[in-house]
Amino acid sequence: MAVCRRHGSGETRCSFEFDVALRFSQRRRGSLSALLFRMSQQGYVAAPPFSQAQPGIGGYQGGFGAPPAQPLYGHYGGPPQGFNAPPAGMMKSPPTSPAGMPPSPVSSQYNPSVQQNGAHPQRYASPSAASPPYGQPSQSVYNSMASPAPPTQQLANQMSAMNLGSYAPGAMQSHPPPPTSSVAQQHFQTPAPAMGQPQMHAAPQTPHMASQNQMSPPQSPLTNMPASGQSMGGQPFPGPPPSGQGAFQQHGTGPGAPSGYPQQSGQFGGLMSGPQPGMSGGFPGAPGGLAGPPQKKLDPDSIPSTTQVIEDDKARLGGQVFSTNIRGQVPPLVTTDFTVQDQGNASPRFIRCTTYSLPCTAELAKQCQVPLASIIKPFAKLPENETPLYVVNHGETGPIRCNRCKAYMCPYMQFIDGGRRYQCSFCNCVNEVPVFYFQHLDHMGRRVDFYERPELSQGSYEFVATLDYCKNNKPPNPPAYIFMIDVSYTNIKSGLVKLVCDELKTLLEKLPREDGAEASAIKVGFVTYNKVLHFYNVKSALAQPQMMVVSDTAEMFVPLLDGFLVNYQDSRAVIYNLLDQIPDMFADTNESETVFAPVIQAGVEAFKAAECSGKLFIFHSSMPTAEAPGKLKNRDDKKLVNTDKEKTLFQPQKGVYEQLSKDCVAQGCCVDLFLFPSQYLDLASMADVPSHTGGSIFKYNNFQVATDGEHFLRDLRKDLQKSLGFDAVMRVRTSTGFRATDFFGAIYMNNTTDVEMAAVDCDKAVTVEFKHDDTLSEESGAFMQCALLYTTISGQRRLRIHNLSLNCTSQLSELYKCCETDSLINFFAKSAYRAILNQPVKNVRDILVNQTAHMLACYRKNCASPSAASQLILPDSMKVFPVYMNSLMKTAPLVGSTELSTDDKAHQRLSVMAMGVEDSQLQLYPRLIPLHNVDVSSEAVPDPVRCSEERLSDSGLFLLENGHSIFLWLGQASPPDLIQSLFNVPSLAHLQQEHMFTLPELDNPLSKKVRAIISELLEKRPNSMKLQIVRQRDKLEMLFRQFLVEDKGLHGGSSYMDFLCYVHREIRQLLT
Ligand SMILES: [Zn+2]
């Protein structure tokens, strides 16, 4: 029983705290370690244990060997790479040469005013006839852009020095891991279930945990750890103080459907709902598992389960309304379906945080090493039952902003002086209220028009931007999409070109449009290319499209302005004609070489000429080896894997692509890249521009229309129809005491504060790290405001504002209680994936393990009540954190395996960098759904089981998906009737190759149900996935098994159980 003081609210509540306790004891050399998992029900008394924190720190740090040499907390020591923001200290330096960028070449190597060397319109003729010798090859200015030296190699010796013990990669990769001590070795080789008494001697056991069978009954397994008495922390969202709380304290709608926020009229008050009853207080009982029968062997169920955590959150909060009226309120998990009611803080769909209670001081932050970060998805899709953002127009003066820090008017501004002035909650500056904006205050001190103004009462809203916010003070033109198709031999032969052209005919009808608009305002243009580029004039007045060829790829320009970017509706007939002709035109090509950088350059030039922003959709198959800027060569070298030079495989080639990214961002030119490689194509370099322009990278290895066509088309359709903003700049402002210091995403940074994205779509997220620069106050909390200036799909300039208020605490227990594992792991994934650009992957893995141990040790030291050192105690909010960390270290970019393709690693690295919390969660803990017992009459998808081989059964059918891959796994003893129902063949043995990528449409309940589940998943995820059907023991099963993340990794990396034991040992070392 715990007494827990709610900071600031002055009330005292009682709640239970439960911890995951994993009692673990080991005998040295030659004998067995014993492992016991049990539940501990610990009492917390606020004052005394917390006060241990300070005195305890000395001993705690002592465990680290090189003591205060832990420079890193959330950091990887290497120099900022590429486009990263320079370190904070450089903030004031002129933004001329961002870290890692070469100085801009003097000449504008892509000078648009360069003479138009030889382009000419021509009738649609065969391309060979259409390619006159265009000018002399001009001397390549690209040569002048000599690659700058790669960032200094800092192998972070101090980092190695701080490694706890030496968690060699071997430890993660193979059994037995190199021992760091006899204890460790002993432990890893023979991890054994625990005994009732920690010191108990056990008889020799086989090394496999699951085979233990001489255990005395452990205490209750941990499967269903109750949550700690998670009172939804914090005080009510302050609103315009001092009286703002009143409105928010009404208990309203409850778990029913939200009544929304229907009008911008004074309706809000009645709709405010207080905290949901189900969301505060403890767990609804402790479901089965706690009192399970005594076990004879170590039960894998006894270590914390991700699927259980997800199910529990669903049971607790699923289907409920989450009102954002409380500061620092921890939202439901991303895996839970819930409805958000914006009542003054941004929806968790837009912003999630690693913790919702920031430590008050930098010292505290350093002590716990919990990274402080937000994951911001500015254009997150809202479900239909949630209100879209309101658009506020403050007229000619533009949005009202603080004079000093330029924060935008928001619910945190405090009106004073009878409403004539307001104090900015970000910088404390007192501002005059403009006359047109004046409003009286009510008796509570709140503006009378509080509910009528979204910017005073909502967490998220938009402002209409004035000309001041537009390039050259001119309103922007509507954006454009250019489709750029590689028509070299490979793509023609594979049928890809025809597939794309056919699809575009229908797809262009579905370009994104404003709500209520009859047609999309987005213009379209078409380019085909191999070694040269072909531009098409598709002006509506033409009877036939016209082609223009540019062969001087060193001086790329766009040979026509009028008729290149057109309105699809107007030019439909000509475009149809063009799309019909392209496949035939190049049918006999034997050109196998391609250019690439000039293709992107052409897009930039086209947007420049049309004075618009937009997106390029590039469909490309091979490494660009033709003589042209951005030409690449094969630099794949498996020998570099696991060496200090492995990082070079992840680094893009410097020079051309770097400059191109800069040009693209300056013009608002986003690049989406669809790759169809049959071998290495240096994806790290080719995807450099997409990954700095808010673009997406899709990859289809060994593309065949028959097996991959549908997969690709689903991706293309989704991608083309996504809602998005163009030419975006994002700034994150914070209240005093902390600030944004680092940014991760498909972004470009020209200085330390402005996050530039040529476009940002509904699935792209930017992860922002925060650091202290002063002390935060528990009373006033912490505020952040994310302002995104962008151009809408119809060409309006807007500001999208997301506000979030967080709690601040001087008590570590409060901080841990408000952590969110899914957000933490998003941050760690992105920071680790960036770190491997500068450091060996082994170092990065070491740091991840260190930090995991450190975070958990700090909790143990300062927050948990005293208990035997043999117990592993995890904070409730982070009880499955280790499984995610272990999974992260086994991902392709980090595992250091020579068996995985360099391009695949680079692809995964870049994809994750742009992910939001939902996607990274799924990526690192896939869903494994049993289908053999599916209830065909129910709408529901069966509950997933843990990602481990032990959960499979020979007679089972399982679906596994992680957002990028989807598998249907068939046990070798699958009942013939199931196989018959799904495939219309009598047994597994009758399955042929053609069955392995699709399920036939059969008219029986099981077939319908399974196909419905698969379609639902495909629909939900940002990427389409290619269904792969694998039989148990087939060769291809390996592909499937690598996603069983609780097991030992196929390419290296330990099992979850082993990792947990290892982390526990590290924690114990830290605590001694
Ligand atoms: Zn201010």
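Predicted model only: the values in this text are computed from it and were never measured. Every heavy atom of this structure was used, including side-chain atoms; hydrogens, water molecules and symmetry mates were not. The first residue in the sequence is number 1, and the count goes up from there.
- Side chain to side chain, Q308 and S305 fail the donor-acceptor criterion of an N or O pair below 3.5 Å.
- Shown here are the side-chain hydrogen bond (donor to acceptor under 3.5 Å, both in side chains) partners of T335, two or more places apart in sequence or in another chain: there are none.
- Annotation: the span from S920 atom OG to N962 atom CG amounts to 12.0 Å, rounded to 0.5 Å.
- Judged purely by distance below 3.5 Å, without hydrogens or angles, the side chains of T821 and K879 never pair a donor atom with an acceptor atom.
- Here the CD-CG distance, from Q653 to D688, works out to 10.0 Å after rounding to the nearest 0.5 Å.
- In summary, D763 and R1021 do not engage in a salt bridge, as defined by a charged side-chain N under 4.0 Å from a carboxylate O.
- For the pair K905 (side chain) and S897 (backbone), a donor-acceptor distance under 3.5 Å is present.
- For Y925, the side-chain hydrogen bond (donor to acceptor under 3.5 Å, both in side chains) test picks out E1046, with sequence neighbours left out.
- If you take CG on L856 and CE on M885, they are separated by 9.0 Å, rounding to the nearest 0.5 Å.
- A 4.5 Å side-chain heavy-atom check between K764 and V766 finds every atom pair outside the cut-off.
- Two rings, from F967 and F1043, have their centers less than 6.0 Å apart.
- The aromatic rings of Y816 and Y859 stand perpendicular to each other, their planes meeting at an angle above 60°, with 30° marking the opposite boundary.
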Item to check | Candidate pair S948 and Y1056, rule side-chain hydrogen bond (donor to acceptor under 3.5 Å, both in side chains), full reasoning | outcome: CA-CA 10 Å; S948 166; Y1056 172 31; over 6 Å; no
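- Distance check, rounded to the nearest 0.5 Å: CZ of F828 to CE of M855 gives 4.5 Å.
- Distance check: S901 OG to D636 CG gives 7.5 Å after rounding to the nearest 0.5 Å.
- In this structure a side-chain-to-backbone donor-acceptor pair under 3.5 Å is present from R635 to T648.
- Scanning for side-chain hydrogen bond (donor to acceptor under 3.5 Å, both in side chains) contacts around R1041 gives E949, E1037, with sequence neighbours left out.
- Here the side chain of Q851 pairs no donor or acceptor atom with the backbone of I847 at under 3.5 angstrom.
- Atom OH of Y884 is separated from atom CG of L848 by 16.0 Å, given to the nearest 0.5 angstrom.
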